[in-house]
Amino acid sequence: MLNARLSRWTMTYFSCALINFILALGMMVSGHTYPALSFSSPSNLIAVHLMTIGWLSLLMLGALAQFVPVITNNPLPSQPGMLAGLILLEAGLLNMVMGFLALNGSFPLSMKILLPIGGTLVLTGFFLDIWNIAVPLVRTRPIQLPAKMLLTSLGFLILTLCIGLCFAIGFGADQSPLELYPLLSNGLPIHILAGLVGWLGFTAIGVGYKLLPMFMLAPEDRGHWGTGVWGTLATGLTLFVLTGLFNLWFPNPILHTCEKLGLILLISGLVIYIVDITRLYHSRQRKTLELNSTAAAMALTLFAPAILTGAAAIFDASSFLPATVFIFMFGYLSGLGLSQLYKIVPFLTWLDRFGIKLGQGPVPRVQDLVIEARAKPWFIIYFAGVAINTSLLFWKISSMFELVAFIQLIAVLALIREFWHARHPDQDLISKKPRLSPNTLEKISHEPQ
Amino acid sequence: MNPNEAYITLDVREELSHGGEPLPRILEAISALIPNQGLRLFTTFEPKPLYALLKQHGFSHESRSLDRGEWEVLFTRQPTLKTNQPENNQKSTQAHHVPFETWPKPCLVLDNRNLLPPEPMVRILEALPALHSGDVLEALLDREPVFLYPELKTAGHEWHTQTKEPGATLIWIRVG
């Protein structure tokens, strides 16, 4: 069963993702993007898609390409397919950004045709990766909780892509099809929730349910709590998205009530998740946490206020939605992503460089590839920046936003430097002494057969 | 014939009549069998060479002559050590040529639970060079060591893994 090999393109996905993250942060620092303004302003749309497609989706896809074969014990059908997916996604994103710039007036308006072209490329790239990742998931029996979550997230990704392509056609065409008007006017919350919570949130929760117990020595089987998280979230979000879409074209008070009910279920599912993840941290056997788990706890701590503002946004979207989207995207999703990169990058580097040398000579430990004391302040600064900027967005104080975003950018650059160091270990690490001691051999028996 | 044994049927008569070579299909079917499963094979001749080959994989045979010179052969897994036999609800993966049932008792047992990845596989790979060819190492793990398998294959070792329940996986490694 030699299915668990290192994914060929995961590190390339991570590198591209981090570059897009820096570009999105750069737009906030330079004042081109301010999340409290309308989400549908072209400059905000550029930053949002750099974040959602360029950073978070590439990060998730890169991680899934590595970990789906591990959790399913089935290989991806095509490694070259993952590279083709990445190229299509990046090319599509570039076209979309240029299309948004055309809407903005920075490029000739005729170039807005690049929006549907870019959207189609992105769609193709995503479908290629979805196929690659879904095949091992559906081949595995029984389908365990993380796999169920990932399959659900891929379903919501397809839904998000279809809605997104309709938006691209609507904005990119000289004359938008009349049939799309209801979606273009009122469908944005559905697109945002399906993408942010359905695709990115479900993936983060599913991957987290595998990685966090593994690196904290906590029980992986989440029992009824895990099933409750999955069931409530999936039901709530499906109800919201489907009834919301129907309600756009066929307005009906019953559909509107179902939409609200879906949101309430969604919020309930997120609360159950927070309770279960707190249980997971409390039940861990490893009392001293490594930085990746501590930083993940910081991200999860920011998740709680995101749920509160999200619940408030059901009743007053204009006041609470920008802060909710910001804290969910930068605090929970990006924070969890950065914290897991801090473990995944040295772990994969160690497997790649040193796994084969075990038993043949001295090798460093995985933790030798990182310097936690140097990285920890940057995680704290990043999360503090997210918390401050969320507050600024909530109180609509725009004066300090760019400065705090700049501090966030510096923190992310410093963390990228840490990832780089982990990926390129010093030569003196390789000359470490062997560290296996006789007491690691629990019991030795040389009895004759 | 063991009454508790379920048999998967493989009919290669048509393939043989067209001059085909069914051995890969037979071996594939054998490797896909779960514990307590056997293989019922229909052929156009008595497959005597196959008896010896599958005996090495731990299978006994019972053959029966049919009409027109055709044969039905039941391949049944030979009884194994009870401690090493997976139950129906257990998951088992393996990569070995010498039947697992004939492996010697482990000369080294490691309890690698409650260790942070990749420490469980580190301890195994660091312990293996001290063993001799043919020696068996047994290790108890929290989860299936999927990153270990490529390293074992590269080093020429054989292994047999059993997941008894979530959080308890046993691996036996026979040094190559």
Side-chain angles (χ1 to χ4, degrees), chain A residues 1-6 66-67 69-74 141-142 144 210-211 213-223 284-286 288 290 293 343 346-348 350-351 354-363 365-367 434-438 440-449, chain B residues 31 81 89 91-95 102-132 134-140 142-155 157 159-161 163 165-167 171 175:
Chain A
M1 298 287 282
L2 291 171
N3 299 326
R5 298 189 185 91
L6 292 179
Q66 177 58 59
F67 287 103
V70 173
I71 65 173
T72 61
N73 221 4
N74 276 317
R141 292 290 182 280
Q144 294 187 336
K210 192 73 192 175
L211 290 186
M214 189 185 290
F215 290 116
M216 288 194 296
L217 303 179
E220 269 184 37
D221 184 6
R222 304 313 303 159
R284 72 183 193 271
Q285 292 183 40
R286 187 174 175 84
T288 310
E290 290 174 315
S293 299
K343 188 69 190 182
F347 190 81
L348 296 183
W350 183 90
L351 283 172
F354 303 111
I356 192 74
K357 294 179 181 170
L358 279 171
Q360 299 171 12
V363 292
R365 297 177 312 146
V366 176
Q367 279 307 95
R435 38 173 214 89
L436 183 74
S437 60
T440 60
L441 312 180
E442 305 294 335
K443 177 183 152 195
I444 297 178
S445 163
H446 290 293
E447 291 169 7
Q449 300 300 303
Chain B
S31 66
L81 295 173
N89 60 349
K91 185 181 159 199
S92 170
T93 58
Q94 53 195 331
T102 65
W103 287 14
K105 278 185 182 174
C107 64
L108 182 60
V109 180
L110 303 177
D111 185 351
N112 286 356
R113 290 172 300 174
N114 298 331
L115 295 171
L116 279 191
E119 198 66 13
M121 84 176 240
V122 169
R123 290 191 176 197
I124 290 171
L125 289 171
E126 288 188 331
L128 284 172
L131 305 184
H132 298 106
D135 283 351
V136 173
L137 178 153
E138 178 185 306
L140 184 55
D142 291 316
R143 59 183 63 80
E144 194 174 353
V146 286
F147 284 114
L148 177 65
Y149 298 149
E151 312 298 344
L152 293 178
K153 192 188 182 207
T154 306
H157 305 313
W159 69 89
H160 184 95
T161 311
T163 299
E165 58 192 52
I171 185 168
V175 176

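Order of the sequence lines fixes the chain letters, A, B, ..., with proteins taken first and strands second; residue numbering starts at 1 for each chain.
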ask   = Rounded to the nearest 0.5 Å, how far apart are CG of A:Leu351 and CD of B:Glu151?
value = 7.0 Å
query = Given that the side chain runs from C-beta out, which part of B:Leu148 has a heavy atom under 4.5 Å from chain A: side chain, backbone, both or neither?
reply = neither
remark   = The reported gap from CG in B:Leu116 to CD in A:Glu290 (rounded to nearest 0.5 angstrom) is 5.0 Å
Separation of B:Phe147 CZ from A:Trp350 CH2 (nearest 0.5 Å) = 10.5 Å
